[in-house]
Amino acid sequence: MAVEGTRQRVPGWVSRSRRPEWLGATGEWVRERTRLLDSPLATHHVLLATTSVLVVIGLVMVLSSSSVESLTANGSPYAIFKSQAMFAVLGGIVLVVASRVPARAWQRLAIPALLGSALLQLLVFVPGIGIEVGGNRNWIEIGPLRGQPSEAAKVALVLALSLALTRRRDALGEPLKLAGAMVLPVGLTVGLVLLSRDLGTALIMIGVVVVMLWVAGIPGRWFALAGAGALVLVTLLVVTSENRMHRVQDWLSGAATTSEQIQGLAWQPVQGKYALASGGFWGLGLGASREKWSWLPEAHNDFIFAIIGEELGLPGTLTILVLFAVLALMVLRLVRRSESFYTKLVVAGIGAWILGQAVLNIGVVLSLLPVIGVPLPLISHGGSALLLTMLGIGILLSFARAEPGAPEAIRARESVVARSLAVLPQRGRSTRTRTTKGQR
């Protein structure tokens with residue numbers, strides 16, 4: 001009986017009446033938010049929200065990190081920020097339009113995108129149009145328009161390679177047929193980017209190809225052979241460029257020790273580490289960076305993550321990492337929930353492009369990698385990069401709207417809105433009704 005009585009008292013001792021009210025409310029809030037992830041549109045909403053937050057953070061940090069340089073070069077601290085804000089608005093429009101494109105339409109757009117990006121990439125070799133920056137001929141300038149065609153090549157690579165692998169799905173285990181399927185999309189994108197000597201972008205695109213082949217189910221032993229070939233190719237590209245050789249040597253030898261080394265090619269990574277170190281845990285405060293005063297080159301471009309660490313400290317940098325981690329989880333969720341083989345490949349390719357580029361950029365700022373020269377997606381200054389990255393996110397949203405159950409949820413939501421608007425009084429109709437009653 002004592003045991004039995006004890007058993008009756010134990011549940012009372014841990015009953016909900018003894019728990020703090022805030023704990024129960026918090027648990028219920030967490031359970032409700034977790035249930036939201038079961039919605040067919042959860043991937044769409046989280047992707048859109050995460051992208052929006054990253055773009056807003058990027059605009060704020062571009063304004064902060066570029067104000068001094070912009071004032072010196074243009075007489076206004078807002079010139080660079082206005083350019084970035086304009087491309088953010090255009091990117092938002094592109095994102096919305098792309099998200100409304102039917103998922104199947106992207107398969108038909110693959111070949112036109114490939115040919116268009118190849119034509120743009122060939123323009124970098126045309127005198128008077130192609131521009132060489134930092135030893136790489138990867139920019140074009142036509143009148144007031146200036147951009148990097150390699151950004152468009154990333155989108156074209158993903159769409160075209162996904163189409164080629166989908167068409168040869170039954171023959172992916174045969175090396176010759178697989179190589180034949182890859183020649184055109186990889187040659188017109190990665191090949192042309194390598195010819196322009198843009199090693200950083202080429203490495204990202206090679207990583208995209210590897211991830212897409214892995215998702216397609218290529219045998220693992222082939223990756224070892226391909227990795228060996230890629231290592232040889234990258235080594236040749238490094239040893240044939242004096243600029244790249246010095247950057248790799250500085251990275252392998254550690255921090256520069258002499259004033260000549262610090263003021264040479266090691267200047268940028270050293271100043272980037274100074275920025276992170278001076279920011280400490282909480283940071284110096286938004287707008288209070290010291291390195292942006294012409295100490296850190298490309299403070300609003302490739303090394304904007306260092307300025308984030310300097311001004312916003314560890315909380316700021318961790319926020320960026322968490323947002324990209326959420327983006328990665330949504331990409332994995334979309335790959336798993338997609339029923340189309342083509343969709344899986346496109347989603348994996350775009351995810352590998354954006355997330356791989358983010359990892360490379362942050363790794364360079366932290367001196368885990370040699371300086372490569374790639375921007376931080378959605379945050380660094382750069383019109384063409386921001387525009388094309390938001391196009392890639394728009395494609396992901398298009399596929400997210402085609403997830404199992406998502407079309408029905410969208411139609412149900414639209415019908416609810418239509419019914420809600422139907423009960424509102426119509427101005428013209430009510431006026432005519434009152435007039436008719438008055439005449440009667």
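Just so it is clear, the values below take in all heavy atoms, side chains as well, and ignore hydrogens, waters and symmetry mates.
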Original post:
For the atom pair CE (M86) and CG (L386), what is the distance rounded to the nearest 0.5 Å?
Top reply: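 Result: 10.5 Å between the selected atoms.
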
Original post:
What's the spacing between H44 NE2 and R401 CZ if we round to 0.5 Å?
Top reply: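 Those atoms lie 5.0 Å apart.
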
Mind checking what makes side chain to side chain contact (heavy atoms under 4.5 Å, CB included) contact with [X], not counting sequence neighbours?
{"X": "A79", "value": "S70, N74"}
{"X": "V101", "value": "A105, W106"}
{"X": "V53", "value": "I57, L323"}
{"X": "P77", "value": "S67, L71"}

Keeping to residues at least two apart or across chains, list the salt bridge (Lys or Arg N to Asp or Glu O under 4.0 Å) pairs with something in [range].
{"range": "residues 163-175", "result": "E174-K177"}
{"range": "residues 199-213", "result": "none"}
{"range": "residues 306-331", "result": "K292-E311"}

**OP:** Mark yes or no for whether Q121, through its side chain, and L188, through its backbone, hold a donor-acceptor pair below 3.5 Å.
**Re:**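 No, because the side chain of Q121 does not come within donor-acceptor range (under 3.5 Å) of the backbone of L188.
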
**OP:** Give a yes or no answer on whether the side chain of T201 reaches the backbone of D198 with a donor-acceptor pair at less than 3.5 Å.
**Re:**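 Absent.
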
With a cut-off of 3.5 Å and sequence neighbours excluded, list every side-chain donor-acceptor pair involving residues 142-166.
{"residue": "E151", "atom": "OE1", "partner": "K154", "partner atom": "NZ", "Å": "3.3"}
{"residue": "E151", "atom": "OE2", "partner": "K154", "partner atom": "NZ", "Å": "3.4"}
{"residue": "K154", "atom": "NZ", "partner": "Q357", "partner atom": "OE1", "Å": "2.7"}
{"residue": "S162", "atom": "OG", "partner": "V158", "partner atom": "O", "Å": "2.6"}
{"residue": "S162", "atom": "OG", "partner": "V346", "partner atom": "N", "Å": "3.4"}
{"residue": "T166", "atom": "OG1", "partner": "S162", "partner atom": "O", "Å": "2.6"}

Show me the side-chain donor-acceptor pairs of residues 88-98 shorter than 3.5 Å, one per line, residues at least two apart or across chains.
none

Original post:
Can you name the salt bridge (charged side-chain N to carboxylate O under 4.0 Å, His left out) partners of E339, sequence neighbours left out?
Top reply: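 Salt bridge (charged side-chain N to carboxylate O under 4.0 Å, His left out) check on E339 returns nothing, list empty.
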
Original post:
Who passes salt bridge (charged side-chain N to carboxylate O under 4.0 Å, His left out) against E403, sequence neighbours left out?
Top reply: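 Counting only residues at least two positions away or on another chain, E403 forms a salt bridge (charged side-chain N to carboxylate O under 4.0 Å, His left out) with R337.
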
Original post:
Pick one: which of L47, L332, V322 meets side-chain contact (heavy atoms from CB on, under 4.5 Å) with L327?
Top reply: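 So, applying the side-chain contact (heavy atoms from CB on, under 4.5 Å) to L327 and each of L47, L332, V322, only L47 qualifies.
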
Subject >> Those residues that, when tested against H300, pass ring-ring contact (aromatic ring centres under 6.0 Å, His included) (two or more places apart) >> reply: H381

Subject >> Test side-chain contact (heavy atoms from CB on, under 4.5 Å) applied to L334 and K344, step by step >> reply: CA-CA 8 Å; L334 187 52; K344 290 180 182 290; over 6 Å; no

Original post:
Which word best sums up how the rings of W267 and W295 line up, parallel for under 30°, tilted for 30 to 60°, or perpendicular for over 60°?
Top reply: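 Rings of W267 and W295: parallel, under 30°.
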
